[in-house]
Amino acid sequence: MLSKRNPTWGWRANEAWKIKGDSEPSDAYIDDMKFRGSVSILFGFFFLTCGLLVIFL
């Protein structure tokens, strides 16, 4: 959920060290991180639902 809400949170630790000078993440990077966050949330919800169905049914 963190990458969906704040996609630039981990950018400095993961990507900024590769670039000299002061820079910010690109719009494409931000959109990609939002997409990955959404997909992760959907997969998590799916597996949680399947697990609960197995337990209770």
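Computed from a predicted model, the values in this text were never measured in an experiment.
- With rounding to the nearest 0.5 Å, the separation of CZ in Arg36 from CG in Asp31 is 12.5 Å.
- When hydrophobic clusters are built by joining Ile, Leu, Val, Met, Phe, Trp and Tyr residues whose side-chain heavy atoms come closer than 4.5 Å, directly or via intermediates, Leu52 is not grouped with Leu42.
- Between the side chain of Asp32 and the backbone N or O of Ala28, no donor-acceptor pair lies under 3.5 Å.
- When hydrophobic clusters are built by joining Ile, Leu, Val, Met, Phe, Trp and Tyr residues whose side-chain heavy atoms come closer than 4.5 Å, directly or via intermediates, Phe47 is not grouped with Val54.
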* Asked: Stepwise, does the side-chain contact (heavy atoms from CB on, under 4.5 Å) test hold for Ser23 with Trp11?
  -> CA-CA 11 Å; Ser23 64; Trp11 184 79; 3.4 Å; yes
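- Put simply, Phe56 and Leu48 are part of the same group of oily side chains (I, L, V, M, F, W, Y) that touch within less than 4.5 Å, one to the next.
- By the criterion of side-chain heavy atoms lying less than 4.5 angstrom apart, applied directly or through intervening Ile, Leu, Val, Met, Phe, Trp or Tyr residues, Phe46 is grouped together with Val39 in one hydrophobic cluster.
- Across all their heavy atoms, Pro25 and Thr8 have their closest contact at CG-CG2, 3.5 Å.
- Of all the heavy atoms in Lys34 and Lys4, the pair that sits closest is O-CD, 3.7 Å.
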